[in-house]
Amino acid sequence: MKKALIAMSGGVDSSVCAYLMKAAGYACIGATMRLFDNEDAGIPAGRTCCSLDDTEDARAVAYRLQIPYYVFNFTGDFREQVIGRFAEAYARGETPNPCIDCNRYMKFDRLHRRAEELGCDVVATGHYARIERQGERYLLKKAADGNKDQTYVLHAMTQEQLGQTVFPLGDLKKTDVRKIAEEHGFANAHKRDSQDICFAPDGDYAGAIERYCGRCYPPGRFVDKNGNALGRHKGIIHYTIGQRKGLGLALPEPMYVCEIRASDNTVVLCKNEELFSKSLDAAGLNWIACGSPPEKLRVRAKVRYKHPEQWATVYPDGPDRAHIEFDEAQRAITPGQAVVLYDGDIVVGGGTILAAGR
RNA sequence: UGGGAUGUCGCCAAGUCGGCAAGGCACGGGACUUUGACUCCCGCAUCCGCAGGUUCGAGUCCUGCCAUCCCAG
């Protein structure tokens, strides 16, 4: 009998994941990763992914399924691998996606190593995505529920990780998952989907960064593309490319962030029309569908989570870099965010946006 | 101190022959969302520098005052 470690957050998805794995005949162990100390920080429980309440929900489901259940304290790794990278990226004027790093470094690395120590063959998570073996390679494919597809935040997975991972929800719709949870009396059947950054549940990610590094990011100048002063900003970590809200500037027309210059602590603003660019350069590319980058390929690309795919041509530049040209100019291509490449349902690969072309 | 101009929501700004306060920006709330954003929806001056007056009725007319700006000095 194959042994599986189930990543249980306390939410519906991972609970149903555990149920499905058990039903599929795996010897299951449930586990919750403790990633940060929110109770200590006085952060209200309920809307995060690993609060005490969530842990109790996970434990309750594990008990109901009669599977062993553990809580792993990964707070140190999380702080270093996820929050640290998050803070550093913002300090550079980029906009990171911590979910991607959490998957890459926590769920599919730290947790996998723990799973091995426990003698598990695979790790199962409640992600909406599919893994298929094709010859020697494992392919990452979109979930059946296109609306919930999470491949965007999974694009950094290695072949080894994919080979040791199971996504039982890949073929289900969210409504089916809730139905299963209901049928089995899971207390979290109607629990709200998680959202926001888990370690900044009140939405104050900037505050979380400042608490993390124990320093403040000073106010600076808002300028237009010609360098004319438009006002003062609250510190560069408060902004991202394309942002309109929260500038606190009453100008004749809506203005958006188009550049964050960490070097001189300046945020450049422009009109919406000036936010579009046709190309980008990406680094840290992880090729999933192929071992080495092809000469050049046509793909559908996403520049941020939850945004329609766009036709583009990829020009690889070395093993993990590429220049990508879109057929149509894209709005607010943001350094630090991921660009993920698709061929139909298949994730060809993905990487981090270095800069938008002009 | 003379001459001119202006004074409407936090900012900009419409307000016709007096008829019972547009819009944009900003802001607040919600929806959307396992990142940050974008977007969408809702809300946002019983009051028009102040005080009187004329009118059935005034931000819109009259009088005085106050304030600001510009040109003169």
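Note that the structure is predicted; figures quoted are calculated from it, not measured.
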Closest nucleotide among [options] to the [X] side chain:
X	options	answer
A:Ala250	B:U35, B:A26, B:U33	B:A26
A:Pro254	B:C25, B:C38, B:U33	B:C25
A:Asn97	B:C25, B:U35, B:U33	B:U35
A:Thr334	B:U35, B:G36, B:C38	B:G36

In short, salt bridge (charged side-chain N to carboxylate O under 4.0 Å, His left out) pairs touching residues 240-252 of chain A with sequence neighbours left out are none
Separation of B:A37 atom P from A:Leu275 atom CG, nearest Å, is 15 Å
Could you give the CZ-to-C1' distance, from A:Phe86 to B:U34, as a whole number of Å?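 One finds 13 Å between C1' of B:U34 and CZ of A:Phe86, rounded.
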| Pair listing, ring-ring contact (aromatic ring centres under 6.0 Å, His included) test, anchored in residues 171-196 of chain A, at least two apart |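 Non-adjacent pairs meeting ring-ring contact (aromatic ring centres under 6.0 Å, His included): A:Tyr19-A:His184.
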Residues at least two apart in sequence or cross-chain that pass salt bridge (charged side-chain N to carboxylate O under 4.0 Å, His left out) with A:Arg79, listed by chain then number, are none
Please report, to 0.1 Å, the donor-acceptor pairs under 3.5 Å made by any side chain of residues 246-259 of chain A, with sequence neighbours excluded.
none

Just distance, no hydrogens or angles: give the donor-acceptor pairs under 3.5 Å from side chains in residues 292-302 of chain A, sequence neighbours left out.
residue, atom, partner, partner atom, Å
A:Arg298, NH1, A:Thr313, OG1, 2.8
A:Arg298, NH1, A:Asp327, OD1, 2.9
A:Arg298, NH2, A:Asp327, OD2, 2.8

Checking one value: the base orientation of B:C38, syn if chi is within 90 degrees of 0, otherwise anti.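 Nucleotide B:C38 adopts syn.
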A:Lys225, NZ: over 12 other non-hydrogen atoms inside 6.0 angstrom
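Yes - once you tally the heavy atoms of other residues, nucleotides and ligands closer than 6.0 Å, there are more than 12.
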Intra- and inter-strand pairing of RNA chain B, written as dot-bracket with Watson-Crick and G-U pairs under 3.5 Å and | for the latter, reads (((((((..(((......[...))).(((((.......))))).....(((((..]....)))))))))))).
Donor-acceptor pair (no angle test) under 3.5 Å: A:His238 side chain, B:A37 base: no
Worksheet item: Should A:Tyr305 be listed as having a side-chain N or O under 4.0 Å from OP1 or OP2 of B:U33?
Response: no
